[in-house]
Amino acid sequence: MFEELAEKARIALYDKYSLGDLVVPWRRPQERAHGDAATTVALQLAKNLKKKPQEVAQVLCDALKQCASVEKAEVAGAGYVNVWLTPEALIRELQTTETACAQWPTRKGEGPVIIDYSQPNIAKPLGVHHILSTVVGQCLCNVHRHLGYEVIGWNYIGDWGTQFGKLAVAWEKWGKGKPVSEHSLDELLELYVRFHAEAEKDKTLDEAARAAFLKLEQGDKNLRSFWEGVVQVTKASLSAIYERLHVRFDLDIGESFYEDKMQPILEEGKKKSVFVKGEEGSLIVMFKEEEKLPPFLVQKGDGATLYATRDLAQIRYRIDTYHPQAILYVVDVAQQLYFQQLFKTVSRLDWKLPLLEHVVFGRMRFKEKAMSTRKGTVLKLEHVLDEAVTRAREAIAEHRDSIQTDDENALAEMMGTGALVYGILSQNRKMDLIFDWEKVLALEGNSAPYLQYTHARACSVLRKAGSKDAPSLRNVDVFTDYVFTEHERSLIGMLLQFADALEEARAQRMPHTLANYLYGLCQEFNSFYNVEPILKAEGATKALRLFLTSLTARVLKTGAFLLTLRVPERM
Ligand code: ARG
């Protein structure tokens, strides 16, 4: 549609001002009052043409009025051009929304987008804070993939470090001879906690742990198989939670993988004088004064490598192996400085780099209670998920009259986990998050249950209409003299924004823009539903309204899936 407008505008500018081959950019205004398409091109051209912007805009409007698809074209404000399309053109334009509900064709030759997310540390259960990186990352994977990007979703697990020495010692001493693989994750955590308590009293323990980790690094067989056991136990326990959250990774290559890939980088950095001697024989990166970054430690004085060294090796490995167009790190704000140092360091190494981006998110706070349990240990994500489902079950019981379901448990799981996840993804990730159980589980308002309920409502209309196939655009007779009701018009306007909302969420890495869009669509659909008869309408009107209902359901379902949610057919 915009192509037709762009072409008309191009010709007009050529005829009037002899401007050659201008691509006139059109966008869909956010405000309904500004029509269906708008351009600022007159404002941009006026100065060079030595004309008033309004005058240039008027030239465009006069030309655009001749397009068959244009109902009205107006100059607004300082020189904007606003265009209203005919009902026929608008209905045809809904094709783009239908298309946007299906996976887009794969983009060729661009290289994958690597998304590094979730990244839990081994031997510990997932804490509630892990949900942030996990669902933001999964949503970004889903949206990119949907829009045709090749994606590598990467769980960069923290499976290496001195903590394994401690755990090995604790297991030897207090593990009662039970093989690691038979320990639960909670038992492993207990051993780890006990190590810290006992090490306060017995100083030899730390020494023993260091020795054990050194042996592990040197490839000791027993320690190696102990470590493998720990990784196995942890992964098994993680996968149950990931499944509940509809989270799926392509790779879970963790920190240990880079053990033998760091030395060449350290050599390279020294040779290029990017890594210089710091205190006590350590290696550091010094930044320029105007960069205002503290020195970056890449190797300790005793030769030990660090988290940073592994990330350097990892970037090299990812570039060499996958030739990505971008690497996104979904990691909390505490590591902001770290990523600045890391990215500056690799650019100093003069590598040919993909886009490197730290997709930052703030901290999460519960409105009613602290995030930590009394002992100061973190609240387990599993428990929070269970609590969400319990609360959802209560909400279902409370609304028994208005909620219908044949499987209450499945609905509670869908609603509870959905509420938790949506409660996070509907907020601007850059801000601290406030989590309010009451709000996220409410059936009204910007919540998962509201979205789920609206989807089910649309499905129920379609069921009652009894058509076997979902009404598609093909069922709607395109008519020129149709006059939309106000609610039809608003709903169409909202539906037409879906593709843009997806692209915006992707480009800005902002799941909440998609969530907010879906919320707006739910509101628009519900107003339409409350006012306009659908099943009792007749002829062309009925066909159109059923189609709008069906398209709303498809957009809600697609959008919800991209946010990692599920929606019921009945509720
Ligand atoms: N596992 C790390 C942590 O718990 C986060 C890893 C983030 N990803 C990365 N490539 N550094 O702090």
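Keep in mind it's a predicted model, so treat the numbers as computed, not measured. As the structure lists them, so they are numbered: ligands from 1, and atoms in each ligand from 1.
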Identify the closest protein heavy atom to [atom]: which residue and atom is it, and at what distance?
{"atom": "atom 9 (C) of ligand 1", "value": "Tyr156 CD2, 3.4 Å"}
{"atom": "atom 5 (C) of ligand 1", "value": "Tyr307 OH, 3.3 Å"}
{"atom": "atom 8 (N) of ligand 1", "value": "Asp116 OD1, 3.3 Å"}
{"atom": "atom 1 (N) of ligand 1", "value": "Gln119 O, 3.0 Å"}

ask   = Side chains of Asn155 and Tyr242: is there a donor and an acceptor less than 3.5 Å apart?
value = yes

For atom 12 (O) of ligand 1, which candidate among Arg318, Gln335, Glu255, Gln314 holds the nearest heavy atom?
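Shortest heavy-atom distance from atom 12 (O) of ligand 1: Gln335.
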
Are the charged groups of [X] and [Y] less than 4.0 angstrom apart, N to O?
{"X": "Lys271", "Y": "Glu268", "answer": "no"}
{"X": "Asp206", "Y": "Arg210", "answer": "no"}
{"X": "Lys178", "Y": "Glu187", "answer": "yes"}

* To do: May I ask you to check if ligand 1 and Tyr329 share an N or O to N or O distance below 3.5 Å?
  =>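 No, since none of the N or O atoms of Tyr329 sits under 3.5 Å from an N or O of ligand 1.
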
Whether Arg310 lies under 4.0 Å from ligand 1, heavy atom: no

For Tyr338, state whether at least one heavy atom is located under 4.0 Å from any atom of ligand 1. no

query = Aromatic ring centroids of Tyr329 and Trp154 under 6.0 Å?
reply = no

Ligand 1 atoms nearer than 4.0 angstrom to some heavy atom of Val331 are 7 (C)

A student checking ligand 1 against Asp311 at a 4.0 Å heavy-atom cut-off should list atoms 9 (C), 10 (N), 11 (N)

Tightest non-hydrogen contact, residues Lys261 and Ala313, listed as O-CB, 3.5 Å

Which residue in the set Leu185, Ile241, Ile131 passes side-chain contact (heavy atoms from CB on, under 4.5 Å) when paired with Leu126?
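With Leu126 as partner, Leu185, Ile241, Ile131 yield a single side-chain contact (heavy atoms from CB on, under 4.5 Å), made by Ile241.
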
With heavy atoms and a 4.0 Å threshold, my read on which part of Asn121 contacts ligand 1 is side chain

Salt bridge (Lys or Arg N to Asp or Glu O under 4.0 Å) filter on Lys235, not counting sequence neighbours, yields Asp252

